[in-house]
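Heads up: numbering here begins at 1 and tracks the sequence. As the structure is a prediction and not an experimental result, all values here were calculated from the model.
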Amino acid sequence: MATALYSDEIASVDAATERFSSDKGLVLLRPRRPCCAALYFTIPSGCYALVSRHGADEEYIYPDGTKSIVWPPGLHYPHPPWVRVSNLVTHQAIVLDLPVKACKTKDNVTVNIDIALAFRIMGDAERGEDPDLVRKFVHELKPRGLEQQLRDAQDEAVRALARSLKHTEIYGIRSGENLKHIRQSVAGASFDAAVESIAEEKQGDAPPTPATDRLGATPIPTHRDETLVGRSDKEDRDAAMAATAAGVDAVSDYMKRRLNRQFMPQGVEILSIMIESCRLPKEIESQMEEKTKVISKNAQQRMFHSANMQNTRMEEEVVTLLQTFEETKIREETAGIEKINEEKVKLNDAIAGAQKSVAAIREEASSKIQKLRAENSLDVQRIISRKEEAIATMKAEAEKEAAQLQATAKLEAEKKLAEASLTAEKNRANASRVLANAEGVVAPYLAKKNAHITNLKQIDVYRSLALNQNLILCDTDDNAANLVAVADSILSDSDNSGHLSRSAVMAQLSLMNQGSSGLFLRAD
């Protein structure tokens with residue numbers, strides 16, 4: 001609850017929602033000029049926004065061509081840097097505490113009254129309100145002016161109200177009092193007349209009159225349970241009932257209606273007025289408290305006396321009831337024993353009849369069971385015979401069908417194999433023909449390739465012979481001459497090394513063999 005209304009500056013519009021929710025009495029925010037120029041600006045939800053161009057208010061133009069001094073929330077671009085948000089006014093309702101002190105009642109008793117007033121700033125186009133009311137509030141009324149006017153108007157209304165009531169009726173103007181117990185206590189016609197009087201005062205301008213004037217001299221019934229509420233003077237009961245009847249929200253409705261007539265043209269709507277508490281001087285409160293204590297003490301004594309009387313009557317009634325219950329118990333036990341004997345006789349007769357019925361039922365059931373068993377055996381045998389016959393028929397049909405399927409499958413398999421063999425032979429013949437044609441085409445090329453390979457191998461052989469240091473060349477094809485030349489070379493190598501090798505020995509043997517063979521030829 002706010003105790004004062006004020007405005008403040010803010011660095012950025014982004015923090016406006018948080019400031020309005022945390023500061024209860026904050027009504028108006030003025031964003032500072034940003035340090036860097038931007039071609040756009042944003043407006044948060046939950047508040048009215050006024051935009052200025054070089055200090056003058058700028059109107060927002062909707063797509064349908066209508067204009068409004070209040071800009072809608074969201075992002076607005078492009079705009080030059082000198083077009084910015086100048087004022088932000090909260091949408092939310094504000095509860096303001098307005099205590100009124102030292103009010104004089106009709107009997108000149110000083111009373112302090114605490115009042116809470118809820119209001120909001122008007123200008124919502126969706127509710128059919130004029131957005132220019134926001135500009136009027138910002139530039140003309142302002143938060144401090146609104147607070148002062150509210151305090152002055154509320155102070156005047158409350159003091160006038162207190163002056164029209166006595167101090168015994170002042171508690172009845174508190175908000176939230178219901179009328180249920182008044183309807184139960186006051187005669188219906190008088191109460192309805194009082195409510196109609198309140199309704200007429202709501203429509204008019206005059207302040208509400210005290211409830212005692214409305215109710216007139218109608219006597220308040222005193223047949224309620226005084227054991228619980230206590231006994232007091234008739235004037236006290238009348239004053240208490242009238243004070244409660246005066247607080248049926250007619251006072252707060254009257255003040256709200258009166259304030260709205262004053263502040264709605266300035267852009268402020270009063271939502272509700274709550275009279276929270278009324279405080280009388282300590283001396284008067286003590287007197288009323290003592291009077292209430294005496295009443296409560298007398299009621300307590302009467303309640304204790306009534307409780308003792310009730311306890312005595314209850315004890316006597318308990319003894320009487322116990323005696324009555326004992327007599328009734330004895331009578332019921334006797335009647336119960338007689339009833340039990342009668343029921344036992346009936347039970348024995350019923351048991352005998354039941355045993356006979358059970359024997360008859362068992363005999364009849366046994367015969368039926370034997371008959372059912374014989375019929376079941378015959379049915380089972382017939383079913384088994386039909387089953388075996390059906391199985392044999394199905395087996396024969398299955399074997400026949402299987403033989404047919406096997407013969408058909410075999411025929412199809414042989415046919416497929418014959419076709420596959422014919423296709424394979426055709427493919428082999430085509431392959432042989434293709435190979436023959438290919439060999440005929442490449443035969444000259446293969447002969448040239450083989451001759452070339454042979455020449456390369458001969459060249460390799462000649463190269464190896466040329467690189468062999470032990471090769472001996474002869475200019476004759478005579479084997480004897482060639483053998484002599486080879487042996488001479490081997491023996492020459494052996495003489496140079498001074499060692500008789502195996503090759504030298506073989507060379508000597510070859511020469512001796514050649515010489516001996518020449519001798520044998522001459523002898524012949």
Side-chain angles (χ1 to χ4, degrees), residues 1-7 23-28 90 93-122 133 136-137 140-177 198 201-211 213 242-243 246-285:
M1 183 183 300
T3 57
L5 303 179
Y6 62 95
S7 61
D23 298 346
K24 301 302 181 182
L26 184 60
V27 183
L28 176 63
T90 180
I94 299 175
V95 181
L96 181 62
D97 186 18
L98 298 174
V100 181
K101 298 181 179 180
C103 299
K104 291 294 183 178
T105 62
K106 190 174 182 180
D107 48 0
N108 291 326
V109 176
T110 302
V111 61
N112 297 328
I113 301 175
D114 291 335
I115 294 180
L117 184 144
F119 69 93
R120 71 176 185 90
I121 306 302
M122 301 173 64
L133 293 174
K136 190 173 184 179
F137 168 77
E140 296 180 10
L141 188 59
K142 300 181 181 179
R144 292 295 184 183
L146 173 61
E147 179 187 354
Q148 188 61 42
Q149 291 187 28
L150 286 174
R151 289 187 184 277
D152 295 343
Q154 190 69 9
D155 186 88
E156 179 183 358
V158 172
R159 291 184 185 278
L161 172 65
R163 198 62 180 175
S164 65
L165 300 173
K166 294 182 180 180
H167 76 279
T168 56
E169 303 172 342
I170 201 67
Y171 284 115
I173 66 174
R174 291 176 295 181
S175 300
E177 298 287 344
I198 294 172
E201 290 175 0
K202 287 185 178 181
Q203 297 176 358
D205 297 334
T209 57
D213 297 337
V248 294
D249 294 336
V251 174
S252 59
D253 289 343
Y254 162 73
M255 289 191 292
K256 182 178 75 171
R257 190 171 62 252
R258 179 178 176 181
L259 292 176
N260 277 329
R261 285 199 304 269
Q262 178 181 351
F263 288 98
M264 273 190 173
Q266 303 182 58
V268 179
E269 180 186 5
I270 308 301
L271 300 177
S272 64
I273 297 176
M274 295 160 285
I275 302 176
E276 296 179 326
S277 63
C278 301
R279 296 188 299 276
L280 293 170
K282 295 294 183 181
E283 298 80 5
I284 296 179
E285 286 185 351

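- Contacts of Glu147 classified as salt bridge (Lys or Arg N to Asp or Glu O under 4.0 Å), with partners at least two apart in sequence or in another chain: Arg144, Arg151.
- In terms of heavy atoms, Cys103 sits closest to Val100 at SG-CG1, 3.2 Å.
- Annotation: side chain of Lys142 is not in contact with side chain of Leu5 (no heavy-atom distance under 4.5 Å).
- Remark: Pro265 pairs with no residue by the side-chain contact (heavy atoms from CB on, under 4.5 Å) rule, at least two apart or across chains.
- Remark: Arg163 pairs with no residue by the salt bridge (Lys or Arg N to Asp or Glu O under 4.0 Å) rule, at least two apart or across chains.
- For Asp97, there are no salt bridge (Lys or Arg N to Asp or Glu O under 4.0 Å) partners at least two apart in sequence or on another chain.
- The structure places CG of Leu96 at 8.0 Å from CG of Leu146, a figure rounded to the nearest 0.5 Å.
- The closest side-chain heavy-atom distance from Glu269 to Met264 is below 4.5 Å.
- Every residue meeting the salt bridge (Lys or Arg N to Asp or Glu O under 4.0 Å) condition with Arg258, not counting sequence neighbours, appears here in chain and number order: Glu156.
- Not counting sequence neighbours, the partners of Ser7 by the side-chain hydrogen bond (donor to acceptor under 3.5 Å, both in side chains) test are Arg30.
- Legend: residues meeting side-chain hydrogen bond (donor to acceptor under 3.5 Å, both in side chains) with Asn112, ordered by chain and number and at least two apart, are absent.
- Atom CD1 in Ile121 sits 6.5 Å away from atom CD1 in Ile94 (nearest 0.5 Å).
- Partners of Leu117 by side-chain contact (heavy atoms from CB on, under 4.5 Å), not counting sequence neighbours, listed by chain and number: Leu98, Phe119, Leu150, Gln154, Leu259, Ile270, Ile273.
- The minimum heavy-atom distance linking Arg120 with Ala93 is given by the pair CB-CA, 4.3 Å.
- Taking CZ of Arg159 as the start and NZ of Lys101 as the end, the distance is 11.0 Å to the nearest 0.5 Å.
- Nearest heavy-atom pair across Glu276 and Ala116 is OE2-CB, 3.5 Å.
- By the side-chain hydrogen bond (donor to acceptor under 3.5 Å, both in side chains) test, Lys104 pairs with Thr110, sequence neighbours left out.
- With a 4.5 Å cut-off on side-chain heavy atoms, Val268 and Gln149 do not count as touching.
- Not counting sequence neighbours, the partners of Lys166 by the side-chain contact (heavy atoms from CB on, under 4.5 Å) test are Lys106, Asp107, Thr168, Glu169.
- Here Met255 contributes atom CE and Leu161 contributes atom CG; the two are 6.0 Å apart, rounded to the nearest 0.5 Å.
- For Gln148, the side-chain hydrogen bond (donor to acceptor under 3.5 Å, both in side chains) criterion is met by Asp152, not counting sequence neighbours.
- Not counting sequence neighbours, the partners of Asp23 by the side-chain contact (heavy atoms from CB on, under 4.5 Å) test are Tyr6, Arg19, Leu26.
- Looking at heavy atoms from C-beta onward, Leu165 lies out of side-chain contact with Thr105 at the 4.5 angstrom threshold.
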